[in-house]
S.K.: 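Got a structure here, written out as structure tokens. Questions coming.
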Amino acid sequence: MPEGDTAYRAAHHLARSLTGRTIDRFELRVPNFVQFDLTGEKIVGADARGKHILLRIGDHTVHSHLGMDGSWRLVPPGSSGGLRSSSGGLRGRPARIDGARGGPTVAWPATHRIRAIIGTDAVIALGIDLAKLECWPTADEPLRLGWLGPDLLAAEPDLAEARRRVLSQPDRSITAALLDQRNVAGLGNEYVTEMCFLRGVLPSRTVAEVGDIDEWLTLGRQLMLANRDRVERTFTGDLRRPNWVFGREGRQCRRCGSDLVAGTHDSGTTRSGATDRESVWCPSCQR
Ligand SMILES: [Zn+2]
């Protein structure tokens, strides 16, 4: 599932491939932006803030959020004609295109999954299954994203401010406090579930019960830094057995052998409509 490390990597790849290039095709296939066109503008760069991806073009920013299933994919140009019409013949099956200059064959996703097409003469960026996609003047970034807490993957995140925000609601569960992007930006459910195991704390514990918040934030940053340049995420250091508890319901604890317990924990936001998220914990290692 995309979390802050995924957004960081996506922004990094977009920036490396697109910065300085000129847009020759621009489509945002979402209401309100269908008519919006930045063709002819130059790509300034790309950046992530928490789980949000910012692609800056001219004096505008294309803002996307990967949600549960979203991604950005880079494909070679020169083969996209059939995709211009959303009612074209590619519906339901991936089109395969041949890479430029004898490069690898790249599969495009089904047309209905493509939300954004940002084309240049060197590479095309496809925004696929994005949960959120919009475009506004770059000058509005503080207004649009100012609600986000300190970004754990920033060069020098303001952990003291994140700590202050988390501690402002001591009776809240630690999972809700860490998942709330207004407190600290970047952590998602997989991170928070694994952090509870690594700290030996049940996901239902409150902020006031779980010890030094600085240590939680530092652990979150260390895990994100360790994973941000990897394709496969790991919390154990072992890519073959990447998780301690997340996704391992019904199996045994890697540390003590107890049967892991599946349940839910507080998600910290009603923004997505759900207040609970799936959780897994070890009844022996976590108290
Ligand atoms: Zn255990």
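Read the numbers this way: they start at 1 and go in the same order the structure lists the ligands and their atoms.
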S.K.: Checking R277 side chain against L179 main chain: does a donor-acceptor pair fall under 3.5 Å?
M.R.: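 Judged by distance alone, no pair lies under 3.5 Å.
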
S.K.: Measure the spacing between CH2 of W147 and CD of Q181 and express it to the nearest 0.5 Å.
M.R.: 6.5 Å

S.K.: Looking only at non-hydrogen atoms, find the nearest pair between A177 and V166 and report the distance.
M.R.: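 For A177 and V166, the tightest heavy-atom pair comes out as CB-CG1, 4.0 Å.
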
S.K.: What count do you get for protein N/O/S atoms less than 2.8 Å from the Zn ion (ligand 1)?
M.R.: 4

S.K.: Could you pull out all residues at least two apart from V201 that satisfy side-chain contact (heavy atoms from CB on, under 4.5 Å)?
M.R.: R199, R205, V210, W216

S.K.: In terms of side-chain geometry, is the basic nitrogen of E3 or K51 positioned less than 4.0 Å from the acidic oxygen of its partner?
M.R.: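 No.
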
S.K.: So, do F235 and Y191 have ring centers that fall under 6.0 Å from each other?
M.R.: yes

